[in-house]
2 protein chains.
Amino acid sequence: MRRSSVAIQRRNTRQRTLVLEAVRNRRDHPTAEDIYLDVRAHDDRVSRATVYRNLRFLEGEHAITCVKAPGGDRFDLRLDDHAHVVCTECGAVVDATVPYDRDADDAVATGTGYAITTHRTIFEGICPACQQKLANTAN
Amino acid sequence: MRRSSVAIQRRNTRQRTLVLEAVRNRRDHPTAEDIYLDVRAHDDRVSRATVYRNLRFLEGEHAITCVKAPGGDRFDLRLDDHAHVVCTECGAVVDATVPYDRDADDAVATGTGYAITTHRTIFEGICPACQQKLANTAN
DNA sequence: ATGCTTGCAAACAGTTTGCATCTAA
DNA sequence: TTAGATGCAAACTGTTTGCAAGCAT
């Protein structure tokens, strides 16, 4: 017996692999443009559109996650849910040191009637480097 | 003795007041465009640029906050820090029912070296209305 | 062979900016 | 009087999309 709904078939193209590899090889939180440049370093014929399409695709597959930061989305290999810290001065993004609070999802689901799938926490502050820079410029 | 740095002087223009009023008069989380339309309802000569400028200005004054949602920033009168819930189907934004966890800021500051000023939590899920809609369309 | 994917370029959405003019203080 | 604020339109940034050609299965 066949499935009534058409199975979406995804193909492992060279470009798709390059995009995933690029995300995988970075510990920071690259923008789409960063990924594009990394991919281009391996194959300079890949288009930006393909990078964007694959980034969205991989996000849909839950292979990667995106962090909405000012100045554009940042991508991240999805190993587990975790929070991020973004520097309000330079835009640098690092992982936060607090655990993901799964119970909060249930609390909000109960409180709002929404079917909660996840939550994202973004801390805002100034990174050590920018604190330095600001201290030197002070007054 | 004079202050060495020049004080920034802000003016209370009619347009600025209209923008703040518009945000104040809404309990939902309007986009810049929503605010623009509300302002235009009172004065159809106010430009979009002025609305954007004042939205950013008021954000800088901490009079309002912005929630980064897919499809554009949402604005909110800042009464206190609180989390938001965004519907992944229709984009609706409502306030979450969990308290703001101030201790988390300290924990992250200690853990990362960042000078944390705040954090924003955005829950993702499907609002009651869209759950209905999806149920009706289901297989 | 089939139809998902690509590359290109053009389209897009949301937002910002240069500049002459206006206006709050 | 004067520097901040405005309105307009053009510029910009990040991202998406239409279409013909390409390639994984």
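Residue numbers start from 1 in every chain, and the chains themselves are labelled A, B, ... in the order their sequence lines are given, proteins ahead of strands. Both backbone and side-chain heavy atoms feed into the values below; hydrogens, waters and symmetry mates do not.
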Give a yes or no on whether the backbone of A/R40 and the side-chain of A/H42 come within a donor-acceptor separation of less than 3.5 Å.
no
Hey, are B/H29 and B/D34 close enough side-chain-wise for a donor-acceptor pair under 3.5 Å?
no
From the list B/V19, B/I35, B/T17, side chain to side chain contact (heavy atoms under 4.5 Å, CB included) with B/N54 holds only for B/V19
Check whether any side-chain N or O of A/N54 sits under 4.0 Å from OP1 or OP2 of C/dT6, and answer yes or no.
yes
Please give, in whole Å, the distance from C/dG14 C1' to B/D34 CG?
13 Å
To the nearest angstrom, how far is B/R48 atom CZ from C/dT17 atom P?
17 Å
A/N12 atom CG is separated from D/dT25 atom P, nearest whole Å, by 6 Å
A/Q15 side chain near D/dC23 phosphate (N/O to OP1/OP2, under 4.0 Å):
no
A/F57 atom CZ is separated from D/dT17 atom C1', nearest whole Å, by 18 Å
Nearest-nucleotide pick for A/R10, side chain only, options being C/dG7, D/dA5, C/dT5
C/dT5
Should A/L58 and A/L20 be marked as a side chain to side chain contact (heavy atoms under 4.5 Å, CB included) after you check the CA-CA gap, both sets of side-chain angles, and the distance that decides it?
CA-CA 8 Å; A/L58 292 169; A/L20 184 51; 4.0 Å; yes
For D/dT16 and A/R56 - does any side-chain N or O of the residue sit under 4.0 Å from the phosphate oxygens OP1/OP2?
yes
Rounded to the nearest angstrom, tell me the gap between atom CD1 in A/I35 and atom P in D/dT15.
12 Å
Under the side chain to side chain contact (heavy atoms under 4.5 Å, CB included) criterion, do A/I122 and A/V85 qualify, and how do the steps go?
CA-CA 6 Å; A/I122 299 180; A/V85 190; over 6 Å; no
List, with names and distances, any nitrogen or oxygen atoms from the protein found under 3.5 Å away from nitrogen or oxygen atoms belonging to nucleotides 18-23 of chain C.
residue, atom, partner, partner atom, Å
C/dT23, O2, B/R11, NH1, 3.3

A/R40 CZ - C/dG7 C1' separation (whole Å)
10 Å
Output yes when a side-chain donor or acceptor of A/T88 lies under 3.5 Å from a complementary backbone atom of A/I126, and no otherwise.
no
Assess A/R16 against A/F57: is NZ or CZ under 6.0 Å from the centre of the six-membered ring, and within 45 degrees of the ring's axis?
yes
If you check the B/T50 side chain, which of D/dG7, C/dG7, D/dT15 turns out closest?
D/dG7
Rounded off to whole Å, could you give me the OH-to-C1' distance for the A/Y36 and D/dT15 pair?
14 Å
Please list residues of residues 61-69 of chain A whose heavy atoms come under 4.0 Å from any atom in DNA chain C, ordered by number; otherwise none.
none
Plane angle bin for A/H119 and A/Y100 - parallel if under 30°, tilted between 30 and 60°, otherwise perpendicular
parallel
Which of D/dT16, C/dA25, D/dG7 is nearest the side chain of A/Y52? It is D/dT16
Using a cut-off of less than 4.0 Å, is there contact between a side-chain N or O of A/T13 and OP1 or OP2 of C/dT6?
yes
Nearest whole angstrom, please: distance from the P of D/dC23 to the CG of A/L18.
14 Å
Below 3.5 Å, can you tabulate the donor-acceptor pairs from side chains in residues 61-68 of chain A to any protein atom, sequence neighbours excluded?
residue, atom, partner, partner atom, Å
A/K68, NZ, A/D73, OD1, 3.2
A/K68, NZ, A/D73, OD2, 3.1

Worked verdict on B/R74 versus B/D28 for salt bridge (charged side-chain N to carboxylate O under 4.0 Å, His left out):
CA-CA 9 Å; B/R74 303 305 199 87; B/D28 57 343; over 6 Å; no
Nearest-neighbour nucleotide for the B/R16 side chain, C/dG7, D/dT6, C/dT15 considered
D/dT6
Taking the nucleotide of DNA chain C with the closest heavy atom to each, which residue, A/R14 or B/D73, is nearer the 5' end?
A/R14
